[in-house]
Amino acid sequence: MKVNPVTMIGFRLTTTLEPASVTEHPKLRSEEMIIQQLQKGKTFTHQEKAIVQFILENQARVADKTAKELATLTLTSPATINRLCKKLGFASYHEFQLQYVSEHAQCKKNEWTKLDVKASNIALSTTVEGLYQETVRYTQEMIKKDSLNRIINRLVHSKRVDFYASDVNYTRAHGLCLKLSSLGINTQVFNTYNDFYIDTLEGNDSVAVIISHTGKNPVMISAATELRRKNIYTIAITGNVNRNLDLLCNESLYIYTGTYELTSLQYGVSVDYLLDVLFTCLVARKRKNIFDFE
């Protein structure tokens, strides 16, 4: 099939897309939140039900517990906990916990960030402040230290960094491109993949950052597939519920969306924060002299 040209000439999608070789996920994650899945669960074993009951009754305590600690508290075993996590669609307890922390934060009642339609305008400005702080805090908590280190190391040593994004994400990525250009980084942004351009890239010299809120955008999925075929190092900035894009990329940074009436605001803040993290880390790593601000 063909895609009409957008920002550059020569754009087209092939009809023989095949996913890159990735680790198979146990099953597709449900769009339901974890707590909803646990409450509805009808196929749990006796031991799994003990774990589920503990989680439902002690939701705040699970966030900082290891699989071994949770097993001790529920009189089960880490293996049983991992089986439950796989039944819920996660590869491991660590992955389950990452998503659980995000969802628990979203569901927690926080009067500071609750939208009150009867509030004054100045009070609503305080609500926005709370939403900003909450979004940044939970986005930062989802960043994996080792993954971020690998991402920054790769970006620092790459000759060029390309961004793939659509709609409002395209504008956000374009803004970061302008900042990166000030650091002498060769960069540009696309809203689909250009196979003629990709053919000119060297795998070891290029990095592609692909942004998708849902992780299901078919154009971004296709771009990631083709880039991996060319051995281009790919970084996803995406949600962590649907893992289609996540699994195709070498590394991922996760977007926090929230569940409030202003979820679109929180999503945008989360993406901007992650892009600013990348820029700030690159500024620090590329500055030869910490007192040289030029």
Side-chain angles (χ1 to χ4, degrees), residues 1-31 89 91 95 147 150-151 154-155 158-177 180 185-255 257 264 267-268 270-271 274-275 278:
M1 60 181 177
K2 281 205 169 187
V3 173
N4 292 329
V6 275
T7 58
M8 302 183 68
I9 60 171
F11 292 105
R12 68 181 178 83
L13 296 174
T14 64
T15 59
T16 58
L17 295 175
E18 298 176 358
S21 178
V22 294
T23 303
E24 185 178 357
H25 200 254
K27 74 171 186 175
L28 185 64
R29 277 277 294 117
S30 168
E31 294 291 345
E95 185 179 293
S147 180
R150 289 191 297 267
I151 289 170
R154 194 64 183 244
L155 290 173
S158 296
K159 291 184 178 179
R160 67 172 303 103
V161 180
D162 293 325
F163 290 83
Y164 293 81
S166 60
D167 302 324
V168 70
N169 287 331
Y170 180 92
T171 303
R172 291 189 172 99
H174 187 264
L176 180 58
C177 283
L180 294 180
I185 297 176
N186 190 5
T187 181
Q188 57 185 319
V189 58
F190 302 90
N191 56 6
T192 187
Y193 73 88
N194 180 344
D195 49 359
F196 299 108
Y197 169 74
I198 291 175
D199 286 339
T200 68
L201 300 177
E202 296 292 336
N204 294 331
D205 296 334
S206 301
V207 171
V209 180
I210 306 169
I211 307 174
S212 172
H213 174 200
T214 63
K216 297 186 291 185
N217 185 313
V219 177
M220 297 300 110
I221 294 291
S222 297
T225 302
E226 292 303 312
L227 289 162
R228 287 301 301 274
R229 280 181 179 171
K230 294 291 294 183
N231 294 318
I232 305 299
Y233 189 86
T234 52
I235 301 165
I237 297 181
T238 184
N240 59 354
V241 174
N242 185 290
R243 303 189 70 235
N244 291 354
L245 181 60
D246 183 11
L247 288 173
L248 283 170
C249 295
N250 297 94
E251 301 287 351
S252 295
L253 295 171
Y254 298 109
I255 301 166
T257 57
S264 59
Y267 157 71
S270 185
V271 173
L274 290 173
L275 294 178
L278 296 181

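Note that these values count all heavy atoms, side chains included, but never hydrogens, waters or copies made by symmetry. Fair warning: this is a prediction, and the values are worked out from it, not measured in the lab. Counting from 1, the numbers follow the sequence of the chain as shown.
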For the student: nearest non-hydrogen atoms of Ile255 and Ser270, plus distance: CA-OG, 3.5 Å

List the residues meeting side-chain hydrogen bond (donor to acceptor under 3.5 Å, both in side chains) with Ser212, not counting sequence neighbours, and say none if there are none. none

By side-chain hydrogen bond (donor to acceptor under 3.5 Å, both in side chains), Thr238 pairs with (sequence neighbours left out) none

Tyr193 and Ser222 have their tightest heavy-atom pair at CE2-CB, 3.8 Å

Can you find a pair of side-chain heavy atoms, one from Leu275 and one from Arg172, that are under 4.5 Å apart? yes

For Ser147, give me all partners under side-chain hydrogen bond (donor to acceptor under 3.5 Å, both in side chains), at least two apart in sequence or on another chain. Glu251

Specify the closest pair of heavy atoms between Lys230 and Asp199, including all atoms of both residues, with the distance to one decimal. NZ-OD1, 3.8 Å

Leu253 side, atom CG; Ile211 side, atom CD1 - distance, nearest 0.5 Å: 10.0 Å

Would you mind reporting whether Phe163 and Asn191 have side-chain heavy atoms less than 4.5 Å apart? no

How about His213 and Met220: do any of their side-chain heavy atoms sit closer than 4.5 Å? no

Can you check whether Tyr254 reaches Asp246 side chain to side chain, under 4.5 Å on heavy atoms? yes

List the atom of Val189, the atom of His174, and the distance in Å for their closest heavy-atom pair. CG1-CD2, 3.9 Å

Between Arg228 and Leu248, is there a donor-acceptor pair closer than 3.5 Å when you use the side chain of the first and the backbone of the second? yes

I want to check something: taking the side chain as every heavy atom from C-beta on, are Ile210 and Ile235 in contact at a cut-off of under 4.5 Å? no

Go through the structure and list residues passing side-chain hydrogen bond (donor to acceptor under 3.5 Å, both in side chains) with Ser166, not counting sequence neighbours. Asn217

Verify the neighbour count for atom CG of Asn186: are there more than 12 heavy atoms of other residues, nucleotides or ligands below 6.0 Å? yes

For the side-chain contact (heavy atoms from CB on, under 4.5 Å) test, which of Val161, Leu155, Asp205, Val207 pairs with Tyr233? Val207

Thr214 side chain vs Lys216 backbone, donor-acceptor pair below 3.5 Å: yes

Shortest non-hydrogen contact between Ala224 and Cys249, atoms and distance: CB-SG, 4.3 Å

Residues at least two apart in sequence or cross-chain that pass side chain to side chain contact (heavy atoms under 4.5 Å, CB included) with Ala208, listed by chain then number, are Tyr164, Leu227, Ile232, Thr234

